[in-house]
Amino acid sequence: MTGETARYQPQITEPKWQEAWEAAGCFTARRDPARPKYYVLEMFPYPSGRIHMGHVRNYTMGDVVARTRKAQGYSVLHPMGWDAFGMPAENAAMQEGGHPAEWTYNNIKVMKGQMKPLGLSIDWSREFATCDPEYYGQQQAMFLDFLEAGLVYRKAAVVNWDPVDMTVLANEQVIDGKGWRSGAEVERRELTQWFFRISEFSEELLAAIDGLENWPEKVRLMQKNWIGRSRGLQFSFSTVDAPEGFERIEVYTTRPDTLMGASFVAVSPDHPLAKHLERHDTGIAAFNAECRRIGTTEEALEKAEKRGFDTGITVRHPFDTAWELPVYIANFILMDYGTGAIFGCPAHDQRDFDFATKYDLPIPAVFVPEGEEDAALAEAYVPPKSERVQYVRGFAGEEVQTGEEAVEAAIDFCQSRGVGQGVTKFRLRDWGLSRQRYWGCPIPVVHCDACGVVPEKKENLPVELPKDVSFDQPGNPLDRHPTWRDCACPRCGGKARRETDTMDTFVDSSWYFARFTAPRAETPTVAEDVAYWMNVDQYIGGVEHAILHLLYSRFFARAMHRTGHLPAKAIEPFDALFTQGMVTHEIYMSWDDRERPVYHLPEDVILHTMVDGKRVAVLKAQLVSNGETLEDRIDNTLALGIGTAEIVPSAKMSKSKKNVVDPVDIIARFGADTARWFVLSDSPPERDVEWTSAGAEATHKHLARVWALSERIAAMPEAGAAPGDADLLRAMHRAIDEVSRTIESFAFNKSIAALYTFTNVLSKADASGPVMRRAVRTLAQLMAPMVPHLAEEVWAMQGGEGLVTEASWPVADPAMLVSDTVTLPIQINGKRRAEITVAADATKEDVEKIALADDAVLRFLAGAAPKKVIVVPGRIVNVVL
RNA sequence: GCGGGCGUGGCGGAACGGUAGACGCGAAGGUCUCAAACACCUUUGUCCAAAAGACGUGUGGGUUCGAGUCCCACCGCCCGCACCA
C-alpha cells in the first residue's frame, strides 16, 4: 500500500470518533446501583475566552482517569462547567463596553468549541456556569440556610479603597500602593461586610487533614500551617497614663516563657487604643495613616520596614510592678491575629530585635545555649522550640529545658498567679465574602429601616442581577440602580434597600462539585444523587488552589452537611487530590534600538541547532525582508546574532512574554491525540512540563508510526505461529501491568514510556499474525485513555468489537510477568565491577558462591578472603574487602 | 518577611537505600534516494585513541557494606500569603 491512500489523518478520524462516542452516549453519567461509581473532577475553568495548554494538560489527566475507570467497570461521572463570575468580565465591560454576561457567555461558547475537539469523555449534559441564575439562585438559598444556622454574620473589615475611583480594589489591582487605574494612593478603609464563620471549624478542619491520605503531603502541610493552631498565654498588662477605657492592654503570646525578656509592648494601627489615640494626636494619626497605606496583604506588611510610634503610654510588668515597658503602635502587628497586641522580646525574635535596635530598647536574653554565658546579642537567638536551652531569666520550670516545656511551665505558673489564661488560637480568620462588585452572586438580604437586615424569602429567589447596567462610571452599578436596589422589606413590607454586595467567587467554586451530581435540581442538591456520587474520588487541579479553594470547599461541605444539603460522608468532599504542574515554554527575546526587550511568538521564529550544539532562534520576518533562506543566514550573520533572538529558558506561558502555544493551532496541525500525548509524556504530572515544538512533532511521528504498524499487522495472515510469539505475549503482559500501575499512581509519563517500549518491541517482533493482532489490540486499549481517537482507529483496523472506549480494561497475567533467571550486579566495596546471571530462585548461598567465583571478583580479591558478602536476593551482591 | 516545593547528560526526565541516566527529544554515523525530505538501522554522561580505569545526581559535611534517595548546613529557582481565578 502506498502512502497516498493510507495515512494517519487525525483531522479526519478524530471528529469521526467523537461523533461515534456521542451517538453511543458513552459518557453520559447514570446512577447505577449495580456498579461502583467513580467521580473524576478537574477544577473547572474561568471562561477567559481561550483554552491554554494548562487546561489541555489538566483535562487530559482527568480524562485518562475517567476513561480508565470506565474501562474498569465503574459508573463514571466526569462533568465540566464554568467558574463564570469575576472581575475580568467587569474589566472587559469597562474597557470595551458591552455587558459582563454577554462577554462571559460568549467566552464560554468559544472555549467549549475549543475543548470539544480534544475528545474528552465529559458528560456535557451536566454543564453549567456559576453565573446561571439557576446555579446562583441555589447558592442564595444555601446562604439563607447558613444565615439561619448562624454560619454567616456581619462585621467591619478592612478593604483597599481607591479615593479617586471611589471603589474597592482587589489586592492585584493595587500596584506599589497605588490604584491600577487611577494611580491614586490606596487607603485601608473599614466597611461592614459579610463573613462565613469558618473559624468555628478551625479545630475540625485541622484535625481532619490527617484523614486526607490521598492528598499530597505538601498540600496538607500548607493547610495545616494556614489554619495555624497555636498554644499560648493571653493576659493583660495594666497601663500607666492611658486614656480612660484602656486601663489594661490584652496581649497574646506563644512564648510566655520569654516574659522576663520583654522590652516593649506593640499594638496594631487598627487596635482600639491606636484608633482612640489618633483622634487626639496628629502625630499618631499621621503614623497610622502611613501604616494603612502599606495595603491589606500580609506579604506587604511583612516586607515593609518595621516601624513604630511611641505612644508615651507605659505598662507595668505583671511580675514586677516597678518595671515599666513602653507601648508602641507598630506597623507589623496584625489586628486580625491574636488580640492585635503583643509584647516584644527582642532577644528571641528577629523582628522584635530589629525593632528594639532601631528604637534603642533593651535586649535582655531569657535563655542561652546550654553551657554558654549570658552576653550581648548581635542578632536574635531563635533555636527550635524542641531544643534544650539554659534559662537565665526564666521564671517557671527547670533552668535547663526545652522551649516547649518552658512554655507549658510558664502558662501554668502565670495561671496560678492569676496572670492570664492558657489559650489555643488559630491563624485562620473568618472568610470575608462581601465584594463591592456587580458580576457576582447577589447576597440575598435586604436592609430595612424598621427591621434591619432581613433575609429575602426563598420563594423570591433567585435574586437576579439586573441586566440594565452600565460601567461607564466608577463604583458598583448595583449601588446606583434605583429599581433593583430599592425594594420592599420581606418582613414588614416597608421601604428597604437590597444588599448591593455580591459574593466572593470562591463561594461559587466551593460547592460546584456537589451541584454536578444534580445540576438541574430545584434544590441545591438531591439526597439520592449526592448519596450515590459523592465524594469526588479524584480531584485534579493546580497547586495554586492548594490552600484557599480547598479549605473553603472543606468548610462549605461541613456547612452544607449542617444545613442538610450533604450527607455526613461528604464533609471531606475530595477523597483524592492531585495537583498538576504548569505548562511552560521558552521565551524568544531580542532587543530594540533602545535596549528594551522585544518578545517573539514561537511561530515567528525558526529554531536551529548549530554544529557546536548551541540553539538559536532565527526571526522569520528578518529572513523574509532580506530575501534569505535559513542556510544563508546560518552561513552569514548568525554568529553575529543579527536577526536572531535570545532563547530564555522555560517560563510560565503568558501573553506578555509571547510564549503562549495555542492548543487550537496544535490540534489543527497535529490533531488532539498529539496534544494529549505530549502534555502527558515528558514530565511527571505534578511537575511543570515544557512545551517544545520538536517534542510535539516527535509525538505526532510516533502516533503515525503506531498507525502504520497497525496497518501492517492488519495485513498479516490470519493463522499460524512464530518463534517470537511467547516473547511478544510476555512483553504485552508487562505493558499491561506497567501501564495499569502507573495510571493508578498518576505517573502518566511512565505509562507513556511503557507504551513506547511495548510499541518498539511490537514493531520488531518476530511473531505470528494472530499474536501480533492480539498485541496491537491490547496496545490500542492501553493507549485509549491517552489517545482515544487513534486507539479507536487501531481497534477498528484490527477487527475489535464495538468501540475500544466501551471495551473492558485488560488484566495482566502474573505468571507472564516473572522470568526464570535474573541478572545481578556485583559490587566490590560498593562499586559495580561485574554482573552474574542466576536462577531467579537461587539461594543466598548459591548466589554468593557464584559471585565469588566470578573472574572480576577473583581479580579484586587477589587471593584474599572477603571481609563480608552482602547478598540482597534479586537485587545485588556487595563484596566487602 | 512567613509557609511550601524543586535542583540528575546538550534537553525533558527514569531509578522499593541496591547496576545512575529507563523512555523520549536533540546530535553523530550508516541504509534507501540522482539529491533532499521521509522512513529504517547503529552510536550517544564526561575524561582517555581504545581497553582497563577514573570522575559523575546544585555545594559542603555526615550516617551506611552501599546514598540521587536518609540526616545537618548552605546556594539557586519556582509557587502561595486571605478582594486574581
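All chains are named by letter (A, B, ...) in the order of the sequence lines, taking the proteins before the strands, and each is independently numbered beginning at 1. Worth saying up front: this structure is predicted, and the values here are computed from it rather than measured.
- One interatomic measurement links the two molecules: CD of A:Q223 to P of B:G3, which rounds to 17 Å at whole-angstrom precision.
- For the pair A:K425 and A:Y337, the NZ or CZ position fails the cation-pi test of under 6.0 Å to the six-membered ring centre and within 45 degrees of the ring normal.
- Residue A:L551 contributes atom CG, which lies 13 Å from atom C1' of B:C81 at whole-angstrom precision.
- Taking only side-chain atoms of A:P825, from C-beta outward, the nucleotide of B:G3, B:G13, B:U19 with the closest atom is B:U19.
- Comparing A:E302 and A:V872 by the nucleotide of RNA chain B that holds the closest heavy atom to each, the one mapping nearer the 5' end is A:E302.
- Taking the side chain of A:N878 as heavy atoms from C-beta on, and the options B:A54, B:A14, B:G18, the nearest nucleotide is B:G18.
- One finds no side-chain N or O of A:K831 lying less than 4.0 angstrom from the OP1 or OP2 phosphate oxygen of B:C65.
- Separating the NZ atom of A:K701 from the C1' atom of B:G24 is a distance of 13 Å, rounded to the nearest angstrom.
- Nucleotide B:G10: paired with B:C25 (Watson-Crick or G-U wobble, both distances less than 3.5 Å).
- Using a 4.0 Å heavy-atom cutoff across all strands shown, A:T699 reaches no nucleic acid atom at all.
- The nearest whole Å value for the distance from the OH atom in A:Y337 to the P atom in B:A82 is 16 Å.
- Rounded to whole Å, atom P of B:G80 lies 11 Å from atom CG of A:L548.
- Proximity note for A:R875 (side chain, C-beta onward) versus B:G18, B:G13, B:A82: the nearest is B:G18.
- For A:P684, the side-chain atoms get nearest to B:G13 when compared with the rest of B:G13, B:A82, B:G18.
- The A:I876 side chain lies nearest to B:G18 when the options are B:G4, B:G53, B:G18.
- Of the listed nucleotides (B:A82, B:G4, B:U19), B:A82 has the atom at the smallest distance from the side chain of A:L428.
- Ring pair A:F748/A:F746 is tilted by interplanar angle, where 30° to 60° counts as tilted.
- When each of A:A698 and A:R351 is assigned the nucleotide of RNA chain B with its nearest heavy atom, A:R351 is the one assigned upstream, toward the 5' end.
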**Request:** Decide ring-ring contact (aromatic ring centres under 6.0 Å, His included) for A:Y539 and A:F513; before the verdict, give the C-alpha distance in whole Å, the side-chain angles of both, and the deciding distance to 0.1 Å.
**Result:** CA-CA 10 Å; A:Y539 195 32; A:F513 48 87; 7.2 Å; no
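- Of the candidates A:F195, A:F506, A:F196, A:F201, A:W431 forms a ring-ring contact (aromatic ring centres under 6.0 Å, His included) with just one, namely A:F196.
- Listed nucleotides B:G80, B:C81, B:G12 differ in distance to A:I547; the shortest reach to its side chain belongs to B:G80.
- Residue A:N171 has its side chain nearest to B:A82 when only B:G1, B:C23, B:A82 are considered.
- Of the candidates B:U19, B:G24, B:A85, the closest approach to any side-chain atom of A:R832 belongs to B:U19.
- In this pair, A:Y756 and A:H702 present their aromatic rings tilted. The plane angle is within the 30 to 60° band.
- Nearest nucleotide to the side chain of A:R435, out of B:C65, B:C83, B:C40: B:C83.
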